[in-house]
Colleague: 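Sharing a structure here in structure tokens format.
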Amino acid sequence: MSTTETTEAAKNDGAGEPTDSVTLYDVDHPAPVIEPPRKRTAKTPKASRGNFEMQTWLFMRLSGIVLVVLVLGHLLIQLVLDGGVSKIGFAFVAGRWASPFWQVWDLAMLWLAMLHGANGLRTVINDYAERDNTRFWLKMLLYTATVFTVLLGTLVIFTFDPNIR
Amino acid sequence: MSTATLDKNDSAGPVDSAENSASHLITLTLRIRRFNPEVSEDAQWQDFTLKIDPKDRVLDALHQIKWEQDGTLTFRRSCAHGICGSDAMRINGRNRLACKTLLKDINPEKPITVEPIKGLTVLKDLVVDMEPFFQAYRDVMPFLITNGNEPTRERYQSAADRERFDDTTKCILCAACTSSCPVFWNDGQYFGPAAIVNAHRFIFDSRDEGGEQRLEILNDRDGVWRCRTTFNCTDACPRGIEVTKAIQEVKRALITRRF
Ligand code: HEM
Ligand code: SF4
Ligand code: FES
């Protein structure tokens, strides 16, 4: 509403004087103020029952603890012990995945890291994306990528064939 | 007045004493973020140079500018003694009360920047729209909730029970904490530290019976779980409230009650 008033004022000014059309603000036509993103009002979405946010908060901490062991162990085995990176190859992976222990290790690491990372990025989107549309589409992209990666990884771990040609 | 020293000073003449009283004044620059929607849509910095006692406060400097240099300078203040909570502003990049910040403590050798607090709509100069802040405050029901009949005597509370929430009773609702929180800057739907502090004040009050309700409210999407433990709020609070600790205590109460 104030925007139309301003443009009208500018037009009137322009009709009166043939100067260049600078937008002038005055008491009756103040400039628009800059509102903060997603301002709280009396109509702010009311309590959404459920413990989802609490559960994700706990999950970040619990999965983090487990990831310390899984990820550091993984990095140690892959990159440091027994010749470092140079030993990694199809045969090395095939050898490890022959054991259910390493299958479970890698599966747990895949799921925990992906869900942990995805939830972390969800937090980042919630913190930084200002417009509802941006929030929605960024999250859709995130969830699609997460589901794809988790499913593909799980499929590979379970259907891995060491004799493939 | 009858002492010899004072008499001697008096006899030294008015010129001398005026010089003495002026000698402790220093010249400093206040760089203030000005915004007036009736003039321009853009905010800009304006420098004011003034002679002032370094033991004075930023609020005194603002007053001196408003009264002696530019009457249009707009800011809120009421009590001028750190009690009403109306003059929180961003001074040298940190949220403080202008009335509790001595000039000598914030390096008056360099220009002192003064801006409105962040995350709320700037209405004019240092004045922001506090409505979203108070909406979040109202949303946690900051009043005593009890069931059953009114007792005929006062509601007793042990000293230990009173101590449990003592820290959060000190809040003056200045918004220094909430407007220092990066989560609040980007998402005004977050309740913000001040609302949580004031919920904490009742959740841990042994006389209050609305704790469950308030915990439920803060368990929400925009409640305590959005806190990222940045500690900006604790640093900002002019009352020295351990704001982040209070938020963590609410989180813990939510978790322990549910398991
Ligand atoms: C190595 C052990 C790990 C621990 C102990 C750990 C712990 C945590 C914790 C406690 C948070 C929550 C922070 C908060 O709420 O403010 C977090 C956030 C996050 N984590 Fe991890 N994490 C680990 C590994 C990983 C891995 C492997 C990934 C990537 C897949 C990852 C990605 C993230 C992301 C994206 C966030 C959100 C960023 C943020 O909150 O600023 N983390 N982590
Ligand atoms: S907790 Fe401290 S900083 Fe926050 S509103 Fe209360 S007095 Fe101000
Ligand atoms: S003017 Fe009241 S708190 Fe500063």
Colleague: Whether Arg40(A) and Asp222(B) form a salt bridge (side-chain N of Lys/Arg under 4.0 Å from carboxylate O of Asp/Glu) is what I want to check.
Modeller: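 Result for this pair is no, no salt bridge flagged.
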Colleague: Identify which part of Lys118(B) has an atom lying under 4.5 Å from any heavy atom of chain A, answering side chain, backbone, both or neither.
Modeller: neither
Colleague: More than 12 foreign heavy atoms under 6.0 Å from CZ of Arg155(B): is that the case here?
Modeller: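 Yes, enclosed.
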Colleague: Could you tabulate the donor-acceptor pairs under 3.5 Å formed by side-chain atoms of residues 91-100 of chain A, not counting sequence neighbours?
Modeller:
residue	atom	partner	partner atom	Å
Trp97(A)	NE1	Asp106(A)	OD2	2.9
Ser99(A)	OG	Phe101(A)	N	3.1

Colleague: So how far is it from Gln189(B) CD to Asn126(A) CG, rounded to the nearest 0.5 Å?
Modeller: 11.0 Å
Colleague: Is Leu254(B) close to Glu53(A) at the side-chain level, that is, under 4.5 Å between some pair of heavy atoms?
Modeller: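 They are not in side-chain contact.
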Colleague: So Pro36(A) and Thr121(B), do their side chains get closer than 4.5 Å, heavy atoms only?
Modeller: yes
Colleague: Tell me, for Asp129(B) versus chain A, whether the close heavy atoms (under 4.5 Å) come from the side chain, the backbone, both or neither.
Modeller: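 Looking at Asp129(B), just its side chain touches chain A.
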Colleague: Are more than 12 heavy atoms from other residues, nucleotides or ligands located less than 6.0 Å from atom CZ of Phe148(A)?
Modeller: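 No - once you tally the heavy atoms of other residues, nucleotides and ligands closer than 6.0 Å, there are 12 at most.
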Colleague: Could you tell me the separation between the OH atom of Tyr25(A) and the CG atom of Asp42(B), rounded to the nearest 0.5 Å?
Modeller: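 Result: 8.0 Å between the selected atoms.
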Colleague: Is it true that, when you exclude Trp137(A) itself, more than 12 heavy atoms of the residues, nucleotides or ligands shown sit nearer than 6.0 Å to its CH2?
Modeller: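 For Trp137(A), atom CH2 is not crowded (no more than 12 foreign heavy atoms under 6.0 Å).
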Colleague: Does a sphere of radius 6.0 Å around CZ in Arg131(A) hold more than 12 heavy atoms from other residues, nucleotides or ligands, not counting ones at 6.0 Å or beyond?
Modeller: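 No, because the 6.0 Å sphere around CZ of Arg131(A) holds 12 heavy atoms or fewer from other groups.
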Colleague: Of all heavy-atom pairs between Phe35(B) and Val33(A), which one has the smallest distance, and what is that distance?
Modeller: CE2-CG1, 4.0 Å
Colleague: Tell me, yes or no, whether the heavy-atom count around Lys87(A) atom NZ, taken from other residues, nucleotides or ligands under 6.0 Å, exceeds 12.
Modeller: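 Check passes, neighbour count above 12.
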Colleague: Would you call Ile255(B) and Met54(A) a side-chain contact if the rule is heavy atoms closer than 4.5 Å?
Modeller: yes
Colleague: Answer whether the closest heavy-atom distance between the side chains of Asp127(A) and Arg226(B) falls below 4.5 Å.
Modeller: yes
Colleague: Val122(B) and Ile34(A): side-chain contact (heavy atoms from CB on, under 4.5 Å), yes or no, with the steps?
Modeller: CA-CA 7 Å; Val122(B) 181; Ile34(A) 302 168; over 6 Å; no
Colleague: For Tyr128(A), I'd like to know if atom OH has over 12 heavy atoms of other residues, nucleotides or ligands within 6.0 Å.
Modeller: no
Colleague: Heavy-atom pairs under 4.5 Å with chain A - which of Val183(B), Val224(B), Asn219(B) has more of them than the others?
Modeller: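 With the most close heavy-atom pairs to chain A, the winner is Asn219(B).
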Colleague: What part of Tyr190(B) lies closer than 4.5 angstrom to a heavy atom of chain A: side chain, backbone, both or neither?
Modeller: backbone
Colleague: What part of Arg138(B) is in contact with chain A, defined as an atom under 4.5 angstrom from a non-hydrogen atom: side chain, backbone, both or neither?
Modeller: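 For Arg138(B), there is no contact with chain A at all, as no heavy atom is under 4.5 Å.
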